[in-house]
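This report refers to the structure that appears directly beneath it.
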Amino acid sequence: MMIHSPRGVEDILPQKVLQYQWIEKEASSLFSLYGYEEIRTPIFEKTELFHRSVGKETDTGKQMYTFLDKKGRTLSLRPEATASIVRAYLEHNIFTKSREWRVWYAGPMFRYERPQAARLREFRQIGIEVIGEGSPYLDIEVIEMALKFFERIQLTKLQIQLNSIGCKRCRPLYEKELRNSLKKDLKNLCPICQRRYQSNILRILDCKKEGCQSITRKLPPVENYLCPDCQSHFKKVKEGLRELHISFTLNPYLVRGLDYYTQTIFEIISPHLGAQNTFCAGGRYNDLVEELGGPPVPAIGFSIGEERLLLALRKEKESSLPQISPPVYIIIIGEENYKWGYKIANSLRSKKIKTKINFSFKSLSSQLKEANREKVQWVVIIGQEEVQKKKVIFRNMDSGKQWEVLWKEIDKFSKKIGS
RNA sequence: GUGAGCGUAGCUCAGCUGGUAGAGCGCUGGACUGUGGAUCCAGUCGUCGGGGGUUCAAGUCCCCUCGCUCACCCCA
């Protein structure tokens, strides 16, 4: 029986590797313009770290790949990067060296979930975190930077959903209000929401079921319950975005899944993605650093699902994604001439021209067929006659035109190929 | 974790109410022995996802299992 890759994980074949490299490179160059440096944290951490950050009872907490190492330590593959980055921030005492820390990352994350469209067990995220600054103007800059990134890679169809879920002072008041208002309608909510009423009451707000929505739409929005600080923070964020002509949708029912969020939260969604339409999400987490044993400093971040982003990009404009460029293809007729092919290949490579030799020594016809199948543009033909006359044939596969080129003039001719 | 749909050739799929597998594309070769893509000809193509059961007979019916896909839950 053939061994298959495990469920929910997949190979990224060369054509797609190129696409991942491209978006990561674009992210790197843009984020560095905003003062972010790259950080690389471990793929696994002590399970406890995620329990304390993501929340033990959230599904993300339950969906971790957790295992024991040989010494019996409980470790988990990271389900997201924020916890690791805060851990690193504290472990290296960054707060004693600088007031604000800006980092970006890209890499694989793992969650044990049932795979579906745009959702895998191993998936990649690109993200940023800023620790140490609580200004609403930073929130604006962070959102603006995310949009600039999507603009750079030419993703145009997207929508920003924005909300504020308050802080540890005002959110409990709102949750209490929800609990009171929903009490009488509890039996009319779907079974899942009845469970949420106990576990995570905010999540009832973004239930997709009609029945639940007709009840929740009558509830007062969070905004009414924000404390003065959170209210003024949110107001500045909204005004700042408008000043930058960034259009966003205020969504009072937007709630994030991870426990640690406070104040500003946002999601960016794409119409191309089906049920899993959020490809970028983030927000403030002003209490997390302190909860993980550090000083009470605010923070903000977002992350982008690379698979989802690429999926949306492919739907939108496949042609704007980078393609593998075909090599110049060297066909040698007759095994005895192989060393001349080798010599010519290396002289092209020294000019930075990608070159591949066909070592099959099959008939010219079948080697041309192979070249055609690989969609190459230029073929070099070397046979007995060429070796004797110290020349080669360059054949353009699109036009069918051929040039006889002397060996000493190959460098000159190679400029034609480069263009 | 829940639900639905689907697993037949390398790929896309056909195979009616059971009678021991087919098409197109691809691939290889030839027509064209040093010139690819078009056309024609020939050839290659299968443990019918796996296991068990019913039956004289199972790709087809039943059960189990694995996998894929989508949705729910949740999330990037």
Side-chain angles (χ1 to χ4, degrees), chain A residues 1-8 10 54-55 57-64 78-82 105-127 146 190-193 195-196 199-200 203 206-209 254-259 261 266-270 273-283 301-312 329 331-334 337 358 361-387 393-402:
Chain A
M1 201 69 200
M2 256 275 289
I3 296 177
H4 212 262
S5 65
R7 183 154 212 213
E10 62 181 18
V54 170
E57 291 312 311
T58 62
D59 284 83
T60 309
K62 290 173 193 154
Q63 288 169 171
M64 287 194 296
R78 61 184 187 191
E80 51 106 43
T82 304
Y105 61 88
M109 309 294 161
F110 304 84
R111 289 180 201 172
Y112 190 93
E113 302 178 276
R114 209 71 164 253
Q116 72 183 67
R119 186 167 71 186
L120 291 169
R121 290 182 170 179
E122 179 188 15
F123 59 100
R124 273 141 282 270
Q125 289 187 328
I126 296 174
C190 71
I192 293 157
C193 282
R195 205 184 70 213
R196 286 170 176 146
S199 61
N200 189 352
R203 284 221 78 95
D206 74 352
C207 184
K208 286 167 193 148
K209 301 229 165 51
L254 178 67
V255 168
R256 308 286 4 272
L258 276 38
D259 276 0
Y261 284 104
F266 63 94
E267 284 188 2
I268 303 179
I269 61 180
S270 161
L273 290 180
Q276 311 301 323
N277 62 356
T278 302
F279 63 93
C280 172
F302 67 71
S303 69
I304 297 164
E306 294 188 58
E307 284 75 11
R308 289 183 186 181
L309 175 61
L310 286 170
L311 212 59
Y329 199 84
I331 291 176
I332 301 164
I333 304 158
N337 297 318
N358 185 324
F361 309 118
K362 288 195 289 189
S363 70
L364 174 58
S365 170
S366 61
Q367 290 195 62
L368 277 171
K369 205 176 242 176
E370 277 184 53
N372 190 55
R373 195 162 43 225
E374 294 194 24
K375 298 190 167 62
V376 311
Q377 224 186 337
W378 286 98
V379 160
V380 174
I381 299 167
I382 304 164
Q384 200 52 49
E385 197 187 323
E386 286 71 28
V387 169
I393 294 170
F394 275 86
R395 178 181 178 82
N396 184 298
M397 295 295 276
D398 297 332
S399 65
K401 273 192 196 151
Q402 297 194 162

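Naming: A, B, ... by sequence-line order, numbering from 1 per chain. Excluded from the calculations below are hydrogen atoms, water molecules and symmetry mates; all remaining heavy atoms, backbone and side chain alike, are included.
- Here rA76(B) presents its C1' atom at 12 Å from CD of Q63(A), a figure rounded to the nearest Å.
- Listed by chain and residue number, nothing satisfies the ring pair (Phe, Tyr, Trp, His ring centres under 6.0 Å) test with F123(A) (two or more places apart in sequence, or in another chain).
- Taking 4.5 Å as the limit, every side-chain heavy atom of E307(A) sits out of range of all side-chain heavy atoms of F279(A).
- Scanning for ring pair (Phe, Tyr, Trp, His ring centres under 6.0 Å) contacts around F266(A) gives an empty result, with sequence neighbours left out.
- Rounding to whole angstrom units, CG of residue L273(A) and C1' of rA71(B) are separated by 15 Å.
- When the P atom of rC75(B) is taken as reference, atom CD of E267(A) falls 9 Å away, rounded to whole Å.
- A371(A) comes within 4.0 angstrom of nothing in the nucleic acid, heavy atoms only.
- In this structure, the separation between CZ on R119(A) and CZ on R308(A) is 7.5 Å, given to the nearest 0.5 Å.
- The shortest distance between side-chain heavy atoms of I192(A) and K209(A) falls below 4.5 Å.
- When rounded to the nearest whole Å, the span between CZ of R121(A) and P of rC75(B) equals 17 Å.
- With contacts defined as side-chain heavy-atom distances shorter than 4.5 Å, the pair P108(A)/E122(A) qualifies.
- Nucleotides rA38(B) and rG29(B) have their P atoms positioned 16 Å apart, rounded to a whole Å.
- Remark: ring of F123(A) stacked against base of rA76(B); centroid gap under 5.5 Å, plane tilt under 30°.
- Geometrically, R121(A) engages Y112(A) in a cation-pi contact, judged by NZ or CZ lying under 6.0 Å from the ring centre and within 45° of the ring axis.
- A gap of 32 Å separates the C1' atoms of rA31(B) and rA14(B), to the nearest Å.
- Nearest heavy-atom pair, I393(A) versus E386(A), reported as atom, atom and distance to 0.1 Å: CD1-OE2, 3.2 Å.
- Using a 4.5 Å cut-off on side-chain heavy atoms (C-beta onward), I304(A) and Q125(A) make no contact.
- Checked by distance alone, R308(A) brings a side-chain donor or acceptor within 3.5 Å of a matching partner on the base of rC75(B).
- Stem analysis of RNA chain B (at least three stacked-register Watson-Crick or G-U pairs, each with both distances under 3.5 Å) gives B:1-7 with B:66-72, B:10-13 with B:22-25, B:27-31 with B:39-43, B:49-53 with B:61-65.
- Neither OP1 nor OP2 of rC75(B) sits under 4.0 Å from any side-chain N or O of Q276(A).
- Comparing the C1' positions of rG67(B) and rU8(B) gives a spacing of 15 Å, expressed to the nearest Å.
- The residue among I268(A) and K208(A) whose nearest nucleotide of RNA chain B is located toward the 5' end is K208(A).
- Listed here is the closest heavy atom pair of L368(A) and M397(A): O-CE, 3.8 Å.
- The interatomic distance linking Q116(A) (CD) with rA4(B) (P) rounds to 16 Å, in whole Å.
- Atom name P, nucleotides rC13(B) and rU69(B): the rounded distance is 14 Å, in whole Å.
- A distance of about 8 Å separates the C1' atoms of rG59(B) and rG15(B), rounded to the whole Å.
- Here the closest non-hydrogen pair linking G107(A) and E306(A) is N-OE2, 4.3 Å.
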Find every protein N or O atom lying less than 3.5 Å from an N or O atom of nucleotides 66-68 of chain B, and list the pairs.
unit_1, atom_1, unit_2, atom_2, d
rC68(B), OP2, R7(A), NE, 2.6

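- Nucleotides rG22(B) and rC16(B) place their C1' atoms 15 Å apart, quoted to the nearest Å.
- Here the P atom of nucleotide rA76(B) and the CD atom of E10(A) are 19 Å apart, to the nearest Å.
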Protein N or O to nucleotides 1-3 of chain B N or O, pairs below 3.5 Å:
unit_1, atom_1, unit_2, atom_2, d
rU2(B), O4, R114(A), NH1, 2.9
rU2(B), O4, R114(A), NH2, 3.4

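- Counting to the nearest Å, the C1' atom of rA76(B) and the CZ atom of F279(A) are 10 Å from each other.
- As rounded to whole Å, 9 Å separates atom P of rC72(B) from atom NZ of K209(A).
- Between Q377(A) and N396(A), the side chains place no donor N or O within less than 3.5 Å of an acceptor N or O (distance only, hydrogens not considered).
- With both ends at atom P, the span from rU17(B) to rC6(B) equals 14 Å, rounded to whole Å.
- Remark: I381(A) CD1 to R395(A) CZ distance equals 6.5 Å, nearest 0.5 Å.
- You'll find the side chain of S5(A) stays beyond 4.5 Å of the side chain of E10(A), heavy atoms only.
- No side-chain heavy atom of F110(A) sits under 4.5 Å from any side-chain heavy atom of Q63(A).
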When every nucleotide of nucleotides 31-38 of chain B is labelled 5' to 3' by its protein contacts under 4.0 Å (heavy atoms), B for base, S for sugar-phosphate only, - for none, what sequence of letters results?
---BBBB-
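- Of the C1' atoms belonging to rC63(B) and rC73(B), the separation is 29 Å, rounded to the nearest Å.
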